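Following: one structure in structure tokens, then a few remarks.
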There are 2 protein chains.
Amino acid sequence: MESDVSANSRLTIAAHALTWIGLYQRRGHEVATSEQIATSVNTNPVVIRRLLAKLSKAGLADSRRGAGAGWMLARDLAAITLLDVYQAIEPGPIFALHPAAPNPECVVGHGIGPALTAVYDDVEAALRRELAKTTLEDVLRDVLKAV
Amino acid sequence: MESDVSANSRLTIAAHALTWIGLYQRRGHEVATSEQIATSVNTNPVVIRRLLAKLSKAGLADSRRGAGAGWMLARDLAAITLLDVYQAIEPGPIFALHPAAPNPECVVGHGIGPALTAVYDDVEAALRRELAKTTLEDVLRDVLKAV
DNA sequence: GATGTTGTAACAATTATGGTTACGACCAGA
DNA sequence: TCTGGTCGTAACCATAATTGTTACAACATC
């Protein structure tokens with residue numbers, strides 16, 4: 001029940017895609033197609049285009065349409081943190097409150113929502129601080145070092 | 001697509017249940033039934049029993065069976081942190097890697113898993129540090145202050 | 001025994017996630 | 001102007017997680 005096979009892989013895929021584009025451009029190519037990226041990620045090109053559409057709205061990537069179309073970075077890898085990517089994909093909250101509002105007649109039922117929300121906010125802030133520490137340039141450096 | 005209506009509420013429910021038991025015992029009662037707790041949480045008693053079974057295995061709660069049965073805390077509220085509760089419910093990872101293994105022929109596909117895993121580990125460590133800062137005693141104090 | 005509660009299995013309803021097909025929009029180049 | 005390749009996005013499916021629900025045996029107190 002707790003194996004979480006289907007947890008969110010969007011941050012992983014998005015970081016992978018951007019890093020791939022960055023390396024590809026660094027090797028002299030203008031744009032990368034969703035097909036190429038999907039081959040590296042091992043998924044369907046539509047999954048890549050869906051994610052890159054969000055990254056594009058967030059100002060991390062740009063697309064060119066028509067023939068010879070594809071994707072390019074909107075900023076250098078060094079100027080994109082994992083927090084930027086995380087925000088771009090609009091993640092839901094890590095922890096949810098009660099599915100159904102608890103009993104407001106009960107002291108605990110009445111007050112625990114706000115009490116936990118304060119903690120959850122701090123947790124998410126810590127998570128964001130941590131993600132902000134790593135840029136995609138750092139990720140690419142690790143990737144190349146591992147060869 | 002991103003509304004996340006069904007995120008994990010288990011930490012919320014588990015903290016609620018334990019806090020409720022703690023307050024109930026502090027008011028002079030020996031044990032609390034899953035029925036009573038479920039009324040405060042506004043859910044089904046089985047949901048409470050399922051969660052308390054895990055908390056019991058983790059040494060946070062104890063149950064008594066037979067007539068006049070119910071639940072009690074295994075430790076004082078001040079000795080239970082939200083991290084203890086979090087670990088007890090065996091949460092899955094916050095971020096997942098690729099659903100299907102990426103292309104190992106590609107430099108990025110080959111190296112990005114380990115690179116991101118290192119970051120994700122740091123993020124989860126930060127999350128745990130943050131959860132460890134708050135005890136259920138703190139939560140109860142906030143709850144009572146809010147009345 | 002009789003009673004009330006736990007512990008747990010089994011199943012349903014709802015939702016998120018990722019994959020897939022399809023197709024119009026778009027644009028460089030012939 | 002046409003052709004070909006790619007984006008952008010809608011629509012749908014399969015799978016799995018989550019929560020709620022019913023059911024019932026196990027158990028302990030009276």
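Owing to the predicted nature of the structure, the values given are computational and were not obtained by experimental measurement. Below, read A as the first sequence line, B as the second, and so on, with proteins coming before strands; counting in each chain starts at 1.
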#### Entry: Separation of C:dA16 P from A:Ile13 CD1 (nearest whole Å)
19 Å
### Query
Below 4.5 Å, heavy atoms only, C-beta onward: do A:Phe95 and A:Leu116 meet side chain to side chain?
no
### Task
Round to a whole Å and report the spacing from CG of A:Leu52 to P of D:dT6.
15 Å
What donor-acceptor contacts under 3.5 angstrom involve side-chain atoms of residues 137-147 of chain B, with partners at least two apart or in another chain?
| from | atom 1 | to | atom 2 | distance (Å) |
| --- | --- | --- | --- | --- |
| B:Glu137 | OE1 | B:Arg26 | NH2 | 3.1 |
| B:Glu137 | OE2 | B:Arg26 | NH1 | 3.3 |
| B:Asp138 | OD1 | B:Arg141 | NH2 | 2.8 |
| B:Asp138 | OD2 | B:Thr135 | N | 2.9 |
| B:Asp138 | OD2 | B:Thr135 | OG1 | 3.2 |

### Query
Side chains of A:Tyr120 and B:Thr12: is there a donor and an acceptor less than 3.5 Å apart?
yes
Anything under 3.5 Å between a protein N or O and an N or O of nucleotides 20-22 of chain C, put it in a table, one pair a line.
| from | atom 1 | to | atom 2 | distance (Å) |
| --- | --- | --- | --- | --- |
| C:dT20 | O4 | A:Arg50 | NH1 | 3.4 |

### Message
In whole Å, I'd like the distance from the NZ atom of A:Lys54 to the P atom of D:dT9.
### Response
11 Å
### Query
Taking only N and O in the side chain of B:Ser9, is any of them less than 4.0 Å away from OP1 or OP2 of D:dT19?
yes
### Task
Taking salt bridge (Lys or Arg N to Asp or Glu O under 4.0 Å) as the test, write out the residues that go with A:Glu35, two or more places apart.
none
### Query
Where each residue is assigned the nucleotide of DNA chain C containing its nearest heavy atom, which of B:Ala100 and B:Gly70 is assigned the position nearer the 5′ end?
B:Gly70
### Summary
Separation of D:dT18 atom P from A:Ile94 atom CD1, nearest Å, is 13 Å
#### Entry: For B:Arg65, all residues meeting salt bridge (Lys or Arg N to Asp or Glu O under 4.0 Å), sequence neighbours excluded
none
### Task
Would you work out how much the helix from C:dG1-D:dC30 to C:dA30-D:dT1 bends between its ends, with each end axis defined by five base pairs, to 10 degrees?
10°
### Query
Taking atom P of C:dT5 as reference, at what distance in whole Å does atom NE2 of B:His29 sit?
14 Å
#### Entry: Between D:dC7 (C1') and A:Asp62 (CG): distance, integer Å
13 Å
#### Entry: Nearest-Å distance for atom pair NE2/P, residues B:His98 and C:dG19
10 Å
### Message
From CD1 of B:Ile48 over to C1' of D:dT19, roughly how many Å is that when rounded to an integer?
### Response
12 Å
### Task
Name the closest nucleotide to the B:Arg10 side chain, picking from D:dT18, D:dG20, D:dT6.
D:dT18
### Message
The side chain of B:Asn8 is closest to which nucleotide in this list: D:dG8, C:dG7, D:dT18?
### Response
D:dT18
### Task
Tell me, please, which residues at least two apart from A:His98 pass ring-ring contact (aromatic ring centres under 6.0 Å, His included).
B:His16
### Task
Could you walk me through whether A:Ile37 and A:Leu52 pass the side-chain contact (heavy atoms from CB on, under 4.5 Å) test, one step at a time?
CA-CA 11 Å; A:Ile37 301 166; A:Leu52 284 176; 3.9 Å; yes
### Query
How would you list, by chain and number, every residue that makes a salt bridge (Lys or Arg N to Asp or Glu O under 4.0 Å) with A:Arg129, sequence neighbours excluded?
none
### Query
Quick one: ring-ring contact (aromatic ring centres under 6.0 Å, His included) partners of A:Trp20, sequence neighbours excluded?
A:Tyr24
### Query
Can you name the residues that form a salt bridge (Lys or Arg N to Asp or Glu O under 4.0 Å) with B:Lys57, not counting sequence neighbours?
none
### Task
With a 4.0 Å heavy-atom cut-off, tell me which residues in residues 33-42 of chain A come close to DNA chain D, sorted by residue number.
A:Thr33, A:Ser34
### Task
Check for a donor-acceptor pair, side chain of A:Asp84 on one end and backbone N or O of A:Thr81 on the other, with a separation under 3.5 Å.
yes
#### Entry: Distance (rounded to the nearest 0.5 Å) between B:Asn8 CG and B:Leu11 CG
9.0 Å
### Query
Are side-chain heavy atoms of B:Val123 and B:Ile94 found at a separation under 4.5 Å?
no
Per-pair distances, 0.1 Å, donor-acceptor, side chain in residues 70-79 of chain A, under 3.5 Å, sequence neighbours excluded:
| from | atom 1 | to | atom 2 | distance (Å) |
| --- | --- | --- | --- | --- |
| A:Arg75 | NH1 | A:Ala79 | O | 2.7 |
| A:Asp76 | OD2 | A:Ala78 | N | 3.0 |

Any protein N or O atoms within reach of nucleotides 27-30 of chain C? Criterion: under 3.5 Å, listing atom names and distances.
| from | atom 1 | to | atom 2 | distance (Å) |
| --- | --- | --- | --- | --- |
| C:dC27 | O2 | A:Ala67 | N | 3.0 |

